[in-house]
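The residues of the chain are indexed from 1 along the displayed sequence. Just follow the structure's listing: the first ligand is 1, and inside any ligand the first atom is 1. Note that the structure is a prediction, hence the values are computed from the model and not measured.
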Amino acid sequence: MISSVYIHIPFCKSICSYCDFCKVIYNKEWAVSYLKMLKNEIDDRYMGEKIRTIYIGGGTPSALSLKEIEFLLLLTNKFDKTMLEEFTFECNIEDINEELMLLLKKYNVNRISIGIESFDSNNLLLMKRKVDYNECKSKIEMMRRLGFNNINIDLIYALPDEKIQVVRDDIKKILSLNPEHISTYSLIIEDNTYLGYKKTKSIPEDLDLEMYDYICKRLSKAGYNHYEVSNFAKEGYESKHNLVYWNNNEYYGFGCGASGYTSGVRYDNTRSLSEYLKGNIKSVENLISRENEMEYEVMLGLRKTNGINVREFYNKFNVNIQDVFPVKPLLRSEELIYKDGQLFINPQYLYVMNEILVKLV
Ligand code: SF4
């Protein structure tokens, strides 16, 4: 049963040098047409399920005008929200103000995800982003006053020429803002980005590992649960929406560039805004076979630090996980651990999770 919705807003006020998401520079005319098309897509595809989590991401949803944001939030009233537990809205810090926060509150948004990424001036210059620590601090204080008690902050590390001390300073500043959730991303330089076009080199792998190791230890020491390879949360604040993905459950994806998983079909909407505005919304649909579904279950489930419940896997697929995937050699090499009914990646090897998944699937 589907109980989650992702909505993609592809507009940004400026384009970051590392970004390969589906996005364009904000344009009023396009934004208005886009929201109308989004309404059509939701009206056509939503089947009336009770929705437990909604995530509005991008792009930068907060790049829209207040009037456009209200139109967008009104669209979410189409969903049956009687069981709603988590409603996330992504914001860039410069867009946050009291008026926006009150509007989000009015429509039941209870989680704000802020793309801070770094406080370091060299990193910000390289990423083509603007962030000011004091502005973040005062805006988060204002959000707290208005009752937002579930805030995520994104951090990007492993930028070219970045030193470990920069990561330490960024983490220290993020911790001083006391967010409930922290998402971290090691920078991957994709070809179709400004950094890729400039042939920018990644940092050495051993330094990347040192940074990852530092982040994991420092955030655990500060009381955050390292519950997914790149995500950390205070107890009870693990992202319910993102757990839907990692638990391989179905969800709607609406909007240009959005992906979804409904009725056994994984689909990707077109990444072309002009096609989307013409109503040519879906570009790829894949019917998921039982084998595919088991592979997704393993690849997504092992991203969580508590991994996969072996009994639940059996109940879902009527087969033992070790009879389908080469689990035993990886248990012998201690890359995987089996404990209390859970199969998970040895924390020492989380950094090379992808290599382990390749051996498994
Ligand atoms: S990283 Fe976020 S804000 Fe920057 S261009 Fe990409 S979607 Fe927009």
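Ion pairing between a basic and an acidic side chain is recognised when a charged N comes within 4.0 Å of a carboxylate O; Glu141 and Lys137 show such pairing.
Between Tyr34 and Ile9 the shortest side-chain heavy-atom distance falls below 4.5 Å. The shortest distance between side-chain heavy atoms of Leu195 and Leu187 falls below 4.5 Å.
Inspection of the environment of atom 8 (Fe) of ligand 1 yields the following protein N, O or S atoms under 2.8 Å: Cys12 SG.
Contact atoms of ligand 1 toward Arg129: 3 (S), 4 (Fe) (distance under 4.0 Å to a heavy atom of the residue). Distances below 4.0 Å separate heavy atoms of Tyr18 from the following atoms of ligand 1: 1 (S).
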Side chain to side chain contact (heavy atoms under 4.5 Å, CB included) between Arg168 and Gln165, worked out:
CA-CA 5 Å; Arg168 289 199 182 111; Gln165 189 55 42; 3.2 Å; yes
Can Glu94 and Lys13 be said to form a salt bridge (Lys or Arg N to Asp or Glu O under 4.0 Å), step by step?
CA-CA 10 Å; Glu94 72 258 28; Lys13 287 183 179 158; 5.8 Å; no
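For Tyr251 and Tyr245, the distance between ring centers is under 6.0 angstrom.
Around CZ of Phe71, the count of heavy atoms belonging to other residues, nucleotides or ligands within 6.0 Å exceeds 12.
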